[in-house]
Novice: 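Just dropping this structure here.
What you are looking at is a predicted structure, and each value in this text was computed from that prediction instead of being measured. In what follows, every heavy atom counts, from backbone to side chain, and hydrogens, waters and symmetry copies are set aside. Proteins come first, then strands; the chains are lettered A, B, ... in the order of their sequence lines, and each starts at number 1.
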Amino acid sequence: MKLLNNFNNKYQRLPRSFFLNQNVVEVSRQLLGKYLVTQIDGQYSAGKIIETEAYQADGDKACHAYNNRRTKRTEVMFAQGGTAYVYLCYGIHHLFNVVTGPKEAAQAVLIRAITPTDNIPLMLERRNFTVLKPQLTAGPGVMTKALGINTAYTGMDLCQSDSKIWIEDRGIILQPDEITASPRVGIDYAEECVSWPWRFRLL
DNA sequence: CACGGGATCGTCT
DNA sequence: GACGATCCCGTGT
């Protein structure tokens, strides 16, 4: 337990101010190279964020909370930045987002992929993999499975010092040419928003 | 390797 | 009652 606590303090958890930024596209880009960490059932696992997508209620038809649509599911998107928004997709996959911006500004970043770094054996077990392959954590649904995240964690505050999920800065500085922007995936229905380059990847 | 379809269920119409 | 901010496996080249 002492070791776990030391690990916990080794790096700086992203503070509330990071997530309160009004510009969700900017936060989406800034989250590349940060580390998504879970401590679920007392076991750590983590990876470096390499793919994100931005969504916002204001003018973005691909966003669940488009036009400030409030439902039981989307309500959490109106919480203050730093809150987890996890929902079920296609009846099978649990997708993890971080809410951004101030309270009542519904915006979120979908974390789509990580490079696994900490406790890879546990992640392999959760995915029923025997050997490490890139597909272990490449994709929003499989990434959450590897990290042990599910919809039960929606609404969790990632900035609280004892939360089971958080994002931390391990001091990586990225050059602009290490990041690519492209259209978001799987939102063909979103008309004029389809081609917006709100998907970011770390090369 | 590209493509096609089935899985599976909460959410909103 | 239809449809996803997806994944995986099967088929065919």
Side-chain angles (χ1 to χ4, degrees), chain A residues 19 23-32 34 36 38 45 47 49-79 81 83-101 105-116 123-156 158 165 167 179-202:
Chain A
F19 300 106
N23 186 338
V24 66
V25 176
E26 191 174 296
V27 179
S28 190
R29 205 183 292 114
Q30 289 171 346
L31 280 171
L32 294 176
K34 303 297 189 291
L36 179 56
T38 60
S45 51
I49 296 171
I50 57 169
E51 183 176 347
T52 62
E53 283 179 1
Y55 290 87
Q56 68 176 29
D58 184 17
D60 176 15
K61 290 183 182 172
C63 180
H64 291 156
Y66 172 56
N67 269 347
N68 289 317
R69 199 164 51 112
R70 300 184 97 112
T71 65
K72 193 173 178 194
R73 180 176 64 156
T74 65
E75 187 61 33
V76 68
M77 289 190 76
F78 294 82
T83 305
Y85 170 40
V86 188
Y87 74 95
L88 189 63
C89 189
Y90 294 97
I92 301 174
H93 302 105
H94 301 252
L95 304 210
F96 175 81
N97 304 245
V98 198
V99 175
T100 68
Q107 309 171 320
V109 176
L110 171 66
I111 311 293
R112 294 184 54 87
I114 60 171
T115 300
M123 290 191 261
L124 290 171
E125 187 185 323
R126 284 171 173 153
R127 292 269 286 125
N128 302 316
F129 275 38
T130 49
V131 293
L132 179 57
K133 286 178 263 188
Q135 310 116 270
L136 181 70
T137 52
V142 296
M143 180 205 77
T144 56
K145 188 171 184 194
L147 288 171
I149 296 172
N150 59 58
T151 55
Y153 295 98
T154 199
M156 172 172 286
L158 309 180
I165 305 173
I167 300 175
I179 297 172
T180 59
S182 57
R184 293 170 293 179
V185 175
I187 57 156
D188 292 348
Y189 58 88
E191 303 176 11
E192 71 272 15
C193 316
V194 169
S195 61
W196 296 355
W198 284 14
R199 175 192 190 197
F200 298 98
R201 278 179 293 179
L202 180 52

Novice: Dot-bracket for DNA chain B, 5' to 3', counting Watson-Crick or G-U wobble pairs under 3.5 Å, with [ ] for crossing pairs and | for inter-strand pairs?
Specialist: |||||||.||||.
Novice: Pick the nucleotide of DNA chain C nearest each of A/Tyr87 and A/Val142; which residue has the one closer to the 5' end?
Specialist: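 Its nearest nucleotide being more 5', the pick is A/Tyr87.
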Novice: Listed in order of residue number, which residues of residues 60-68 of chain A have a non-hydrogen atom at under 4.0 Å from DNA chain C?
Specialist: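 Those residues are A/Ala62, A/His64.
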Novice: Given atom CG of A/Asn97 and atom C1' of C/dG4, what is their separation to the nearest angstrom?
Specialist: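 A/Asn97 atom CG is separated from C/dG4 atom C1' by 14 Å.
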Novice: Counting only heavy atoms and a strict 4.0 angstrom limit, can you tell me which residues of residues 184-202 of chain A come near DNA chain C?
Specialist: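 Nucleic-acid contacts, sorted: A/Val185, A/Gly186, A/Ile187, A/Tyr189.
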Novice: Go through residues 128-140 of chain A and report each residue with a non-hydrogen atom lying under 4.0 Å from DNA chain C, sorted by number.
Specialist: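 Heavy-atom contacts with DNA chain C come from A/Gly139, A/Pro140.
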Novice: Under 3.5 Å, side chain of A/Asn67 to main-chain N/O of A/Arg69, donor-acceptor pair present?
Specialist: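 The answer is no, because no donor-acceptor pair under 3.5 Å joins these two groups.
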Novice: For A/Arg201, check side chain to side chain donor-acceptor pair (under 3.5 Å) against everything at least two apart and list the hits.
Specialist: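 None.
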Novice: In the structure I gave you, are the side-chain heavy atoms of A/Cys63 and A/Gln56 within less than 4.5 Å of one another anywhere?
Specialist: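 They are not in contact (no side-chain heavy atoms under 4.5 Å apart), so the answer is no.
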Novice: Between P on C/dC8 and CE on A/Met143, what's the gap in Å once rounded to a whole number?
Specialist: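 These atoms are roughly 13 Å apart.
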Novice: Without decimals, in angstroms, what is the distance between A/Leu95 CG and C/dA5 P?
Specialist: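 Between P of C/dA5 and CG of A/Leu95: 9 Å.
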Novice: Which heavy atom of A/Ala57 sits nearest to which heavy atom of A/Asn68, and what is that distance?
Specialist: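 Result for this residue pair: CB-OD1, 3.6 Å.
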Novice: Within the 4.5 Å heavy-atom criterion, are A/Leu202 and A/Thr115 side-chain neighbours or not?
Specialist: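 No. Closest side-chain heavy atoms not under 4.5 Å.
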Novice: For the pair A/Glu53 and A/Arg184, find out whether any cationic side-chain nitrogen is under 4.0 Å from an anionic carboxylate oxygen.
Specialist: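 Salt bridge absent between A/Glu53 and A/Arg184.
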Novice: Between C/dA5 and B/dC3, how far apart are the P atoms? Round to whole Å, please.
Specialist: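 Those two atoms are separated by 22 Å.
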Novice: Can you pull every protein N or O that's under 3.5 Å from an N or O on nucleotides 2-9 of chain B?
Specialist:
{"from": "B/dT8", "atom 1": "O2", "to": "A/Tyr90", "atom 2": "O", "distance (Å)": "2.5"}

Novice: Taking only the side-chain nitrogens and oxygens of A/Arg69, find out if one of them lies under 4.0 Å from OP1 or OP2 of B/dT13.
Specialist: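 For A/Arg69, the contact criterion (side-chain N or O under 4.0 Å from OP1 or OP2 of B/dT13) is met.
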Novice: Rounded to whole angstroms, how far apart are CZ on A/Arg112 and P on C/dA5?
Specialist: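 Rounded to whole Å, this separation is 11 Å.
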